[in-house]
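Encoded as C-alpha cells, the structure appears first; notes follow it.
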Amino acid sequence: MYAVFNQPPPLEPCDPFAGDAALREAVARENAGWAAPELAAFGALLGQADTIRLGFDANRNPPQLRAFDRYGRRIDEVEFHPAWHRLMAIGMAAGLHSAPWAAPRAGAHVARAAGCYMMAQIESGICCPIAMTYGAVPTLRQADALATEWLPRIFARDYDPRCRPAAEKTAVLIGMAMTENQGGSDLRTNTARAEPDPGAGPGIYRLHGHKWFMSAPMCDAFLVLAQARGGPSCFFVPRWTPDGRRNAIHLQRLKDKLGNRSNASSEVEFADAHAELVGEEGRGIPTIIAMSNYTRLDCAIGSAGLMRQAVAQAIHHAAHRTAFQKKLVDHGLMANVLADLALEQEAATVLALRLARAYDETDTAAAVWRRVITPAAKFWICKRAPALAAEAMEVLGGNGYVEESVLPRIFRELPVNSIWEGSGNIMCLDVLRALDRMADAAALLRDELAEGARADARLAGLVARLERRLADRAGADETQARAFTRELVLALQATLLLRHAPSVVAEAFCASRLSGEAAGVFGMLPPGTALRPIIERAALAAG
Ligand SMILES: Cc1cc2nc3c(=O)[nH]c(=O)nc-3n(C[C@H](O)[C@H](O)[C@H](O)COP(=O)(O)OP(=O)(O)OC[C@H]3O[C@@H](n4cnc5c(N)ncnc54)[C@H](O)[C@@H]3O)c2cc1C
C-alpha cells in the first residue's frame, strides 16, 4: 500500500477575515470598524469546507444557454449549477450587491469592499453580477420612475433567480452592455440604435442591435449603450416588458472563456426591444461610465482578494512541505519569494480599501481618489495579480498546476479584471485625462504623498519625480502613461504602508519597489530584508 506523506493538509476550514491582519486593520482604519462582527461571521461562513467546495462545483459545471424551449419558442435563459445559486445567495445575503446604497453610513463602501475581497477568494464568478448591480444604482437614480420601481428590489438581500417580471420577484440584478463587435474601448463606434417608440410615452424607445459581450445575461435588466438621434445614449432594458412579455433580448451564444467559467458571458441581439432612456439623449457615455467607476473599483478589490488567497495558499504549502531536510518556508530563497508575494498583496489590500473609502466620502480629496486613483489602482493591481498568482502556483510545485488546488482557477480568473471595464492602456490614459480635467487633482496628490516622502528618502526621490511630472504635465505624454501610473500607484502604496503597516513591511516595500527599476520577478528582495515576520503576518492557518 502506498503511503502519502509530506503533503500539506488542506487549508480548510479557514477564516479569511480573522486570518487576514492587513484586511482587519484596513477595515478599522477606513471607518468600517462597526462592520467587523458581520464581516467576521461572513468570513467564517466563506471559509467552511462546504462553501469552498461550491466554488469548485460552480466552475466544473459552467452555465448552459437555453435559447429555446422544447417547442422552438425563444426563452433566452441560462441554466446554472446549484452551487452557483448557493454562492449568489451567500453574496446577496451579505449585501455585496447593494448594502452601501440601502443603508448608507460612513464606511459602508469599505465594509462592502471587504466582503467582496473575501467572496472573490472563494469564487470570483459571482462578483460580476454583484458588481454590476452595485454600480448600476447611481445611474438608475438619474431616472426617478425607474429608481422608485427597481431600487427596493435591488436593496433586498434575497436571491431570486427566477426568470419572471421584476414585479413578481423579491430581488433583482442589473447587468450592463456596452461592448460591440467592432469596439469596446472606443464606445463612440457603437452601432446599436434606439428610436422613440411612437405613442408609448416620453423616454420609451425601441432598441435594435448587437452586443459582443454582455455578462450575467440572467440579470433582470441591463443598462445598454445605443445610438439615439442625439448621439450615444444610455437605456434601461428589462428582461420583461411592462405588459408582461419576454423582452426581445436574444442570447445568441455564451463565450467559451479562459476563466470566470462559473459566470455566463453572452453575445446578444436586441431585436426591437423595449428600452427606457436613462439621463439625456447624447449623454449616454458619461451616464453609463458612472457605473464603470464602481465596477473598476471592484476589479481592484477582486484582484486583491484573489491575490490574498494565492499568497495564503503558497505560505500554507511552504510551511508544511519539506524538501532537502527543511520546510520550504525555511529555505532562504523560498522565504524571499514568499515575503515578496506577501508585500505585493498587502500593498494591493491597503490601496484597494483606502480607495473604497473615497466612495464613502464627499469632499474634493475623495473625488480625486475616485476619479484619478480608481483607474490607476485597477491598472496596477490587476496587472500585478496574474504574475503573483503564477509565482504562488510555483510555490506549490506540481500540486499548484493541478485543478484540485485552487491556484489554476485563480490564475485563469485574474486577467479578466485587467481587460474588462477598461483595459490597461485605457486605464492609464484615463488617469492622464482625469489629471488634466480636475483642477485640484495634482495639488491634492502632492499633499497626499508629501507625508510619505518626509518619512522615507527613497520615496522622496520617487515623489520628486512624480511632482515634476504633475507640475509640468510631462505625465500627459501618452507613451509614458503606464510608467507614470505605475509610479503614482507605487508612491501611494508606499505612503500607505509607511503610515499604517508594520515597519518591516513598509521598509521591505520601499527597499524593493522604489528604485525605479521595472517590477519584475518575485523573490528579489534585497539582502537583510526581515523575511520571516513578513511571512508570518501573511500566513493563514487552517481551523
Ligand atoms: C469575460 C468578459 C466579460 C465581459 N463582459 C462585458 C459586459 O458585461 N458588458 C460589456 O459591455 N462588456 C463586457 N466585456 C467587454 C470588455 O469590457 C471589453 O472587451 C474591453 O472593454 C475591451 O474592449 P475590446 O475587447 O473591444 O478591445 P479594444 O477596444 O479593441 O482594445 C484592444 C486593446 O487595445 C487597447 N487600446 C484601445 N484603445 C487604445 C488607445 N487609444 N491607446 C492605446 N491602447 C488602446 C486596449 O487597452 C486593449 O488592450 C467583457 C469582456 C470579457 C473578456
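As the structure lists them, so they are numbered: ligands from 1, and atoms in each ligand from 1.
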Legend entry - Subset of ligand 1 atoms that lie under 4.0 Å from at least one heavy atom of I426: 37 (C), 38 (N), 39 (C), 47 (O)
Legend entry - Distance (rounded to the nearest 0.5 Å) between H274 NE2 and L207 CG: 10.5 Å
Legend entry - Closest protein heavy atom to atom 2 (C) of ligand 1, given as residue, atom name and distance to 0.1 Å: W420 CE3, 3.5 Å
Legend entry - Min N/O separation K257 to ligand 1 under 3.5 Å: no
Legend entry - R253, CZ: over 12 other non-hydrogen atoms inside 6.0 angstrom: no
Inset, instruction - Using protein heavy atoms only, decide if any is under 4.0 Å from atom 30 (O) of ligand 1. - result: no
Inset, instruction - Can you pull out the closest protein heavy atom to atom 35 (C) of ligand 1? Residue, atom name and distance to 0.1 Å, please. - result: N425 ND2, 4.3 Å
Legend entry - For ligand 1, the portion of K255 having any non-hydrogen atom under 4.0 Å away: neither
Inset, instruction - Could you tell me whether V416 approaches ligand 1 through its side chain, its backbone, both or neither, with non-hydrogen atoms closer than 4.0 Å? - result: side chain
Inset, instruction - List the closest protein heavy-atom neighbour of atom 53 (C) of ligand 1: residue, atom name, distance to the nearest 0.1 Å. - result: F213 CE2, 3.8 Å
Inset, instruction - Take N425 and R482 through the side-chain contact (heavy atoms from CB on, under 4.5 Å) test and state the conclusion after the steps. - result: CA-CA 7 Å; N425 288 354; R482 280 186 180 226; 2.8 Å; yes
Legend entry - CA sep, side-chain torsions, deciding dist, call: M291, C234, side-chain contact (heavy atoms from CB on, under 4.5 Å): CA-CA 11 Å; M291 171 175 180; C234 177; over 6 Å; no
Inset, instruction - With salt bridge (Lys or Arg N to Asp or Glu O under 4.0 Å) as the test, would you mind laying out the steps for R188 and D186 before giving the verdict? - result: CA-CA 6 Å; R188 294 206 163 263; D186 187 359; over 6 Å; no
Legend entry - Any N/O pair G183/ligand 1 closer than 3.5 Å: no
Inset, instruction - Would you please classify the geometry between the W84 ring and the F80 ring as parallel, tilted or perpendicular, with 30° and 60° separating the classes? - result: parallel
Inset, instruction - Say whether N260 and ligand 1 are in contact under the criterion: heavy-atom distance to a ligand atom below 4.0 Å. - result: no
Inset, instruction - Would you mind checking which non-hydrogen protein atom is closest to atom 18 (C) of ligand 1, with the distance to 0.1 Å? - result: T179 OG1, 3.8 Å
Inset, instruction - State plainly whether the residues K255 and E267 are in salt-bridge range, i.e. N to O under 4.0 Å. - result: yes
Legend entry - Heavy-atom protein contact below 4.0 Å for atom 26 (O) of ligand 1: yes
Inset, instruction - Flag atom 13 (C) of ligand 1 as yes if some protein heavy-atom distance to it falls below 4.0 Å, otherwise no. - result: yes
Legend entry - N-O pairing of D430 and R371 below 4.0 Å: yes
Legend entry - N263 near ligand 1 by a heavy-atom separation under 4.0 Å: no
Legend entry - Nitrogen or oxygen of S265 less than 3.5 angstrom from that of ligand 1: no
Legend entry - Interfacing atoms of ligand 1 (cut-off 4.0 Å, heavy-atom, E421): 17 (O)
Inset, instruction - Give the ring-plane orientation class for Y294 versus W101, where under 30° counts as parallel, over 60° as perpendicular and anything between as tilted. - result: perpendicular
Inset, instruction - Considering heavy atoms of the protein only, find what lies nearest to atom 46 (C) of ligand 1 and give residue, atom and distance to 0.1 Å. - result: S423 CB, 3.9 Å
Legend entry - Protein contact of atom 11 (O) of ligand 1 - nearest heavy atom, named by residue and atom, plus distance: M178 N, 2.7 Å
Inset, instruction - Just let me know how A177 lines up against ligand 1, side chain, backbone, both or neither, with a heavy-atom cut-off below 4.0 Å. - result: backbone
Inset, instruction - Verify the distance criterion only: is there a donor paired with an acceptor across the side chains of Q252 and E269 at less than 3.5 Å? - result: yes
Inset, instruction - Report the part of M214 in contact with ligand 1, treating N, CA, C, O as backbone and CB onward as side chain, heavy atoms under 4.0 Å; options are side chain, backbone, both, neither. - result: backbone
Legend entry - Nearest protein heavy atom under 4.0 Å from atom 33 (C) of ligand 1, yes or no: no
Inset, instruction - Validate the cation-pi geometry between R354 and W369: distance from NZ or CZ to the six-membered ring centre under 6.0 Å, angle to the ring axis within 45°. - result: yes
Legend entry - Identity and distance of the protein heavy atom lying nearest atom 5 (N) of ligand 1: S215 OG, 2.8 Å
Inset, instruction - Would you mind telling me if ligand 1 is within reach of the side chain of L429, the backbone, both or neither, using heavy atoms under 4.0 Å? - result: side chain
Inset, instruction - Please state which part of S185 comes within less than 4.0 Å of ligand 1, counting heavy atoms only: side chain, backbone, both or neither. - result: both
Legend entry - Interatomic distance, R153 atom CZ to E168 atom CD [nearest 0.5 angstrom]: 9.5 Å
Legend entry - Centroid-centroid distance, F213 to W420, less than 6.0 Å: no
Inset, instruction - May I ask you to decide if the ring planes of Y359 and H109 are parallel, tilted or perpendicular, using 30° and 60° as cut-offs? - result: tilted
Inset, instruction - Measure the distance from atom 9 (N) of ligand 1 to every protein heavy atom, then report the residue, atom name and distance (to 0.1 Å) of the closest one. - result: M176 O, 3.0 Å
Legend entry - Qualifying residue, where the test is side chain to side chain donor-acceptor pair (under 3.5 Å) with N59 and the options are R261, H81, E123: E123
